[in-house]
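Presented below is the structure to which this report refers.
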Amino acid sequence: MSESTTPEPTAAGTAVLGQTALLQTGGLSVRYGGVSANSDVDIAVGAGEIVGLIGPNGAGKTTFVDAVTGFTKATGTVTLAGERLEKASPHRRRRAGMARTWQAGELFTDLTVAQNLAVAVQPVGLRALLSDVINGSRPPAETIERALDLVGLRDAADQFPGELTLGQQKLVGVARALVGGTRLVLLDEPAAGLDTHESRDFGAELRRIAATGIGILLIDHDMSLVLDVCDRLYVLDFGKVIASGSPAAIQDDPAVISAYLGSPEVDPDAGTESSTPDAPEETR
Ligand SMILES: Nc1ncnc2c1ncn2[C@@H]1O[C@H](COP(=O)(O)OP(=O)(O)OP(=O)(O)O)[C@@H](O)[C@H]1O
């Protein structure tokens, strides 16, 4: 039982969503020694919404995912569908319906797609191991099929990752996080390495997943994917949210252009170190 059952959605979260958020963080903060990796981060994701989290390298995006999913020590609140989870273990948060992908989320090349998903949901611990030995290892077939359905890859269940396109392999990575009643998925650079065409297809699949009611938090440096597919964006810089809003509003926000969109990483023509506050169009 959590100590408090009262969610405390921030004004920002409720105002934007006009509904109770699926995920709501309140004042989430993480310190690594002298570094404030996340500082009072309030982020909301609604059911069926794709929310982007962008920012320069080292801004604290992965730290935020680690803090929400319980993989790093944080202060502040994490509420999923009204349930306070900031004190819960990563395992309990997973069971409550939140799942994540990892930046280096490679698939097992000698396992089939279905087996890659089954491995991801194998329960851990001695009791689970004993039950596996007694009952035989039976992957939950319907759950796996459903997750593959969500990413449009049901027919690929018996194929090996090497037989799939890179875009399909990335979707298998997403499917692994969708197994077993996931309501909110946090995707950490899931489209890394995809070309423009693959990235567009990948974005279309994300939209299909969100249309089923799953909330998605998307971290990616591929700005055309993020601007195209997200309903709303948050921008982190030095661990703090410096802006939030629609993709159109974010593209025109001078603070964002200065901190991120005007950087050479996104716009190689924008110069070296300095930002280009006057040139938001060039960042598209
Ligand atoms: N385990 C850790 N121990 C100490 N410092 C860390 C740790 N993880 C991250 N940091 C620091 O916290 C800050 C935020 O890092 P984080 O990886 O969250 O940024 P990011 O926005 O995800 O970056 P990128 O876009 O490069 O993935 C950085 O200064 C980083 O060096």
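Counting starts at 1 for both ligands and their atoms, following the listed order.
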For Ala59, atoms of ligand 1 separated by under 4.0 Å from a heavy atom: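 So the atoms of ligand 1 that pass are 19 (O), 20 (P), 21 (O).
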Need the ligand 1 atom indices (1-based, order shown) with element for anything under 4.0 Å from a heavy-atom of His221.
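Result: 25 (O).
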Taking atom types as modelled, is there a side-chain donor on [X] or [Y] under 3.5 Å from an acceptor on the other?
X	Y	value
Asp222	Ser224	yes
Asp42	Thr25	no
Arg93	Thr69	no

(message) Below the 3.5 angstrom mark, is there an N/O of Val35, backbone or side chain, next to an N/O of ligand 1?
(response)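 For ligand 1, there is no N or O atom that lies under 3.5 Å from one belonging to Val35.
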Below 3.5 angstrom, do we get any N/O pair linking Gly55 and ligand 1?
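N/O-N/O distance below 3.5 Å does not exist for this pair.
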Cationic N near anionic O, under 4.0 Å, [X] to [Y]:
X	Y	answer
Lys170	Glu189	no
Asp66	Arg100	yes
Arg200	Glu198	no

To the nearest 0.1 Å, how far is [atom] from its closest protein heavy atom, and which atom is that?
atom	answer
atom 25 (O) of ligand 1	Lys61 NZ, 2.7 Å
atom 18 (O) of ligand 1	Thr63 OG1, 2.5 Å
atom 26 (O) of ligand 1	Asn57 OD1, 3.2 Å
atom 27 (O) of ligand 1	Gln103 NE2, 3.1 Å
atom 22 (O) of ligand 1	Thr62 N, 2.8 Å
atom 19 (O) of ligand 1	Gly60 N, 3.2 Å
atom 12 (O) of ligand 1	Ala37 CB, 3.5 Å

ask   = Mind checking whether Leu150 and Val229 sit in one hydrophobic cluster, side chains of I, L, V, M, F, W, Y counted as touching below 4.5 Å?
value =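 In one cluster: yes.
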Which of the listed options, Phe71, Tyr32, Phe238, holds the heavy atom that is closest to atom 9 (C) of ligand 1?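 Checking each option, the heavy atom nearest atom 9 (C) of ligand 1 is found in Tyr32.
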**OP:** Check the pair Thr62, Trp102 against side chain to side chain contact (heavy atoms under 4.5 Å, CB included), reporting the backbone distance first and the verdict last.
**Re:** CA-CA 9 Å; Thr62 298; Trp102 302 82; over 6 Å; no
Whether Gly58 lies under 4.0 Å from ligand 1, heavy atom
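Yes; Gly58 lies near enough to ligand 1 that a heavy-atom distance drops under 4.0 Å.
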Exercise for the section: Would you please determine whether Pro56 falls within less than 4.0 Å of ligand 1 on a heavy-atom basis? Expected result: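 Right, Pro56 reaches ligand 1.
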Subject >> All salt bridge (Lys or Arg N to Asp or Glu O under 4.0 Å) counterparts of Asp231, not counting sequence neighbours >> reply: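 Residues passing salt bridge (Lys or Arg N to Asp or Glu O under 4.0 Å) with Asp231: Arg207.
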So, for atom 30 (C) of ligand 1, does the protein have a heavy atom nearer than 4.0 Å?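 Looking at atom 30 (C) of ligand 1, one finds that no protein heavy atom lies closer than 4.0 Å.
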Q) Quick one: side chain to side chain donor-acceptor pair (under 3.5 Å) pairs with a partner in residues 155-167, sequence neighbours left out? A)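 As it turns out, the side chain to side chain donor-acceptor pair (under 3.5 Å) pairs with a partner in residues 155-167, which skip direct neighbours, are Thr165-Gln168.
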